[in-house]
Amino acid sequence: MKFEKELIHGTLIKRYKRFLADIELDTGEIVVAHCTNSGSMKSCLENEAEVYLTPVDDPKRKTKFTWEMIKINGDWVGINTGNPNKLAFEAISAGQIPGIEEYTTVRREVKFGDSRFDVFAENKQEKCFVEVKNVSMKQNDYALFPDAITTRGQKHLKTLIEVKKQGMRAVMLYIIQRSDVEIFAPAKEIDPEYAVLLKEAFAAGVEIFPMQAKVTPHKITLVKKLPFEL
């Protein structure tokens, strides 16, 4: 996934009200950027760290920048929760994720029951629903999800179990937007209910794909599938 616009470099002053961040640009100007990440952003928040922003031209937007990434321990961590959905759609459409390939039709935002899944793919043999989650939290060598209690995420797991029961393929795709982790796991201490449901979903046949991505100011690229523990 390539960024459509040239990103703007700056330094994080502070994040506040969950969806806002004060950023000092290299010019010295202080701007307010929109933060798409509604979670705690634990382990990827560091005041005075380098950041990159996308400029926004939409006159309806109060904020004129979207916060894309932050540099932690010398490497970029993607914090824009919208990017994994775009990345997943592009990669599945192009057959770039081993194990989620050879689909002739790929669509975004498709409903099943009272849920809406990020990606739906099908071919003559099968139908596949894919839910995509952004992962930015790190603990030691582990990438953890979620970084805050997610009732919406719990609902998606329950619905994926139902998808599987109806004879279709169900995939939980975690896009890990950082390079300094080696294994994925649910954050049991933060959302124990989600961890229990993920284990139940896996036992019911829901597939788990933790895909690590390399984040740069020019593009985000899927690198490899990580092992996971439940």
Side-chain angles (χ1 to χ4, degrees), residues 1-8 33-39 44 51-58 61 65-70 75-112 115-137 143 145-146 152-153 156-157 159-160 163 168-181 184 206-228:
M1 189 206 90
K2 294 182 179 179
F3 289 104
E4 296 177 0
K5 298 180 180 179
E6 183 176 354
L7 303 190
I8 297 176
H34 174 58
C35 175
T36 64
N37 194 322
S38 61
C44 59
V51 299
Y52 269 105
L53 315 174
T54 295
V56 178
D57 299 327
D58 187 352
R61 273 271 300 263
F65 299 90
T66 298
W67 185 9
E68 299 288 352
M69 63 190 73
I70 183 168
D75 209 353
W76 293 107
V77 177
I79 59 95
N80 186 335
T81 55
N83 288 336
N85 288 5
K86 299 176 187 176
L87 183 62
F89 176 74
E90 288 181 7
I92 294 171
S93 297
Q96 295 173 343
I97 302 179
I100 315 177
E101 52 197 343
E102 298 181 1
Y103 287 106
T104 53
T105 301
V106 183
R107 291 186 283 145
R108 297 183 65 178
E109 300 292 330
V110 176
K111 289 190 69 176
F112 178 88
S115 291
R116 187 182 297 273
F117 288 109
D118 296 309
V119 179
F120 172 77
E122 65 178 331
N123 54 31
K124 291 182 179 180
Q125 288 74 42
E126 64 183 13
K127 300 177 186 291
C128 177
F129 284 90
V130 182
E131 178 60 19
V132 182
K133 297 297 183 188
N134 175 69
V135 181
S136 60
M137 182 177 166
F145 181 89
R152 185 168 179 267
H156 280 138
L157 289 176
T159 311
L160 283 173
V163 167
M168 292 175 284
R169 191 178 180 194
V171 173
M172 191 64 246
L173 175 59
Y174 297 97
I175 303 293
I176 302 163
Q177 290 201 79
R178 59 189 307 157
S179 301
D180 55 354
V181 289
F184 170 81
V206 176
E207 299 169 64
I208 299 175
F209 277 72
M211 296 298 299
Q212 189 170 49
K214 176 66 177 177
V215 180
T216 76
H218 305 289
K219 63 183 179 180
I220 304 175
T221 309
L222 292 180
V223 178
K224 62 182 177 180
K225 184 180 180 182
L226 295 185
F228 61 88

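- With T36 contributing its side chain and T81 its backbone, the two residues share a donor-acceptor pair below 3.5 Å.
- When the side-chain hydrogen bond (donor to acceptor under 3.5 Å, both in side chains) test is applied to N37, no partner is found at least two apart in sequence or on another chain.
- Using a 4.5 Å heavy-atom cutoff, the side chains of R108 and I92 are not in contact.
- Scanning all heavy atoms of the two residues, the minimum distance from N80 to W67 falls at CB-O, 3.9 Å.
- The two atoms that bring P227 and P210 nearest to each other are O-CG, 4.5 Å, heavy atoms only.
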(message) side-chain contact (heavy atoms from CB on, under 4.5 Å), that's the test. Do Y52 and W76 meet it? Break it down for me.
(response) CA-CA 9 Å; Y52 269 105; W76 293 107; 3.4 Å; yes
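- Here the shortest heavy-atom pairing between F65 and I8 reads CE2-CD1, 3.6 Å.
- Among residues two or more places apart in sequence or in another chain, the side-chain hydrogen bond (donor to acceptor under 3.5 Å, both in side chains) test is passed with N123 by none.
- Looking at K5 and D57, their side chains come closer than 4.5 Å, going by heavy atoms from C-beta outward.
- Side-chain contact check for Q177 versus P84: some heavy-atom pair is nearer than 4.5 Å.
- The minimum heavy-atom distance linking M1 with E90 is given by the pair CA-OE1, 3.3 Å.
- Using a 4.5 Å heavy-atom threshold, the side chains of V119 and L173 count as separate.
- Applying the side chain to side chain donor-acceptor pair (under 3.5 Å) test between Y103 and each of E122, E126, Q125, K127 identifies E126 as the sole match.
- A 4.5 Å side-chain heavy-atom check between N134 and N83 finds every atom pair outside the cut-off.
- Across all non-hydrogen atoms, the minimal contact from G78 to S136 is O-CB, 4.0 Å.
- For R178 (side chain) and V77 (main-chain N/O), no donor-acceptor pair under 3.5 Å exists by modelled atom type.
- Within 6.0 Å of the CD atom in E6, the count of heavy atoms belonging to other residues, nucleotides or ligands does not exceed 12.
- Between T54 and T66, the side chains place no donor N or O within less than 3.5 Å of an acceptor N or O (distance only, hydrogens not considered).
- The closest side-chain heavy-atom distance from F112 to F120 is not below 4.5 Å.
- Using modelled atom types, one side-chain atom of Q212 and one backbone atom of V181 make a donor-acceptor pair closer than 3.5 Å.
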(request) Using the side-chain contact (heavy atoms from CB on, under 4.5 Å) rule, take D75 and K214 through it: C-alpha gap first, then chi angles, then the decisive distance, then the call. (result) CA-CA 9 Å; D75 209 353; K214 176 66 177 177; 3.3 Å; yes
(request) Please report the C-alpha distance between I220 and F3 in whole Å, then the side-chain angles of each, then the deciding distance to 0.1 Å, and finally whether the side-chain contact (heavy atoms from CB on, under 4.5 Å) criterion is met. (result) CA-CA 8 Å; I220 304 175; F3 289 104; 3.9 Å; yes
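- Residues L222 and I175 form a side-chain contact, since some pair of their non-hydrogen atoms from C-beta on lies under 4.5 Å apart.
- The shortest side-chain heavy-atom distance between L160 and F117 falls under the 4.5 Å cut-off.
- Residues A143 and I176 share a closest heavy-atom pair of CB-CG2, 3.8 Å.
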(request) Take V206 and L157 through the side-chain contact (heavy atoms from CB on, under 4.5 Å) test and state the conclusion after the steps. (result) CA-CA 9 Å; V206 176; L157 289 176; 5.5 Å; no
